[in-house]
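First the structure, in the form of structure tokens, and then the observations on it.
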2 protein chains.
Amino acid sequence: MLKLTKKTEYALIALSHLSHAEGNNTINVREISDHNNIPFPVLSKVLQQLAQKDFVEPVKGARGGYHIKGDLSKQNLLQFLERMEGPIGLVDCITVHGCTHSDTCVIRSPLQIINDTIISVFNEMSLADVIKHHHFAPDQIPEGISGG
Amino acid sequence: MLKLTKKTEYALIALSHLSHAEGNNTINVREISDHNNIPFPVLSKVLQQLAQKDFVEPVKGARGGYHIKGDLSKQNLLQFLERMEGPIGLVDCITVHGCTHSDTCVIRSPLQIINDTIISVFNEMSLADVIKHHHFAPDQIPEGISGG
DNA sequence: TGCAATAGGACTAAATAGGTCGTAATTTTA
DNA sequence: TAAAATTACGACCTATTTAGTCCTATTGCA
């Protein structure tokens, strides 16, 4: 249904929150969950996953928490989405291969093109672009944006 | 999770099948479901919905079925998807309005831009482009396609 | 030792997607 | 007119995914 999962949404919010910490200070899950109205245990798992995938670094024990790992402007949105949600495919046959409908399935090739286009959109955007509340200047707006 | 529903997939396959009928002849659901290995009752409902939304015209009774209504090259994919699946929004706050997280939610604006870009991709493609098994010539391939 | 924090498994609940069944209505054909 | 073929449509069931809860380690600081 062309929607990100809450997990991914929470992950972006958390990364954003962490990226605004003074000098990349450690911030704990409770603060992020309180500030953004996200259930603590859920956000907790999301951050564990972000840590497993090397987007953030955990600091255990009292006064622990998380901070951003690496340079978000060098990580692209596509890799992030694929690591959080798995491969992106509008229909199964794009990611799974093998059409269950017919040998001469007519929709696959065009959907593949649409899918590739979407992927390229994600590929051209860094994580930093997404989480840093970036406002595009008029001449920076990517082409073809309708505004709706 | 950035995937079309089966319903939409079936709808595209059905439109494709119908569009290949000689002289826009009527084709019944059974033929389409047999030919594409789609459960008959499911496809049946999909076509009823396509008829309600004016993409196809039903012909009742024996020897009845459906045929394409109007010119698919004049209908765009965006309208089709929105009519089949509802408004397209990567996260709820794009379609619903009103962020439940915080007043200063930092991810909405960039996600809005990504969303608009995706929408423009769908907007620039006609239904005919999708269902007619179109192969892009090398110089027609939309920019930025990675091929994965 | 006690508290504050992450780590992570097991479980439940809710939403969505996908599919089945039964029956009515309509139209052609014999 | 009866039978067969077909769409129309609602009620229901099931599987999967998504979202969230709970409990119990484990780690490290004070």
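In what follows, every chain begins at residue 1, and chains take the letters A, B, ... in the order their sequences are listed. Keep in mind that this is a model prediction, so the values were computed, not measured.
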Sorted by first residue and then second, give each side chain to side chain donor-acceptor pair (under 3.5 Å) pair with at least one member in residues 78-87 of chain B; sequence neighbours left out.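 Listed by first then second residue: T5(B)-E85(B), T8(B)-E85(B).
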Could you check which residues of residues 3-15 of chain A get a heavy atom under 4.0 Å from DNA chain D? Sort them by number, please.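 Nucleic-acid contacts, sorted: T5(A), K6(A), K7(A), Y10(A).
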Residue pairs, two or more places apart or on separate chains, that pass ring-ring contact (aromatic ring centres under 6.0 Å, His included) and touch residues 36-63 of chain B: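 Applying ring-ring contact (aromatic ring centres under 6.0 Å, His included) to every pair that reaches into residues 36-63 of chain B, excluding sequence neighbours, yields F55(B)-F80(B).
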On DNA chain D, compare the nucleotides closest to Q52(B) and G64(B); which residue's is nearer the 5' end?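 Whichever sits nearer the 5' end wins; that is G64(B).
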Can you list the residues that meet the ring pair (Phe, Tyr, Trp, His ring centres under 6.0 Å) rule with Y66(A), with sequence neighbours excluded?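 For Y66(A), no residue satisfies ring pair (Phe, Tyr, Trp, His ring centres under 6.0 Å) once neighbours in sequence are set aside.
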Listed by chain and number, what are the side chain to side chain donor-acceptor pair (under 3.5 Å) partners of [X], not counting sequence neighbours?
X      : value
N25(B) : none
N28(B) : none
Q75(A) : none

T26(A): which residues meet the side-chain contact (heavy atoms from CB on, under 4.5 Å) condition with it, sequence neighbours left out?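 side-chain contact (heavy atoms from CB on, under 4.5 Å) check on T26(A) returns V59(A), H67(A).
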dG10(D) phosphate, OP1 or OP2: any side-chain N/O from Q48(B) under 4.0 angstrom?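 For dG10(D), OP1/OP2 do not have a side-chain N/O of Q48(B) under 4.0 Å.
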Those residues that, when tested against K69(A), pass salt bridge (charged side-chain N to carboxylate O under 4.0 Å, His left out) (two or more places apart):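 Expected list: D54(A).
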Going by salt bridge (charged side-chain N to carboxylate O under 4.0 Å, His left out), name the residues that satisfy it together with K3(B), two or more places apart in sequence or in a different chain.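 Listed in chain order: D92(A).
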Residue pair L81(A) / L78(A), side-chain heavy-atom distance below 4.5 Å: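 SC-SC contact between L81(A) and L78(A) ruled out.
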Anything under 3.5 Å between a protein N or O and an N or O of nucleotides 11-13 of chain D, put it in a table, one pair a line.
residue	atom	partner	partner atom	Å
dA11(D)	N6	K45(B)	NZ	3.0

Look for any protein N or O under 3.5 Å of an N or O in nucleotides 23-27 of chain C and output each such pair with its distance, or none.
residue	atom	partner	partner atom	Å
dT27(C)	O2	A62(B)	N	3.2

Pick base, sugar-phosphate or nothing for P58(B), based on heavy-atom distances below 4.0 Å to the nucleic acid.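 P58(B): backbone/sugar contact only, no base atoms under 4.0 Å.
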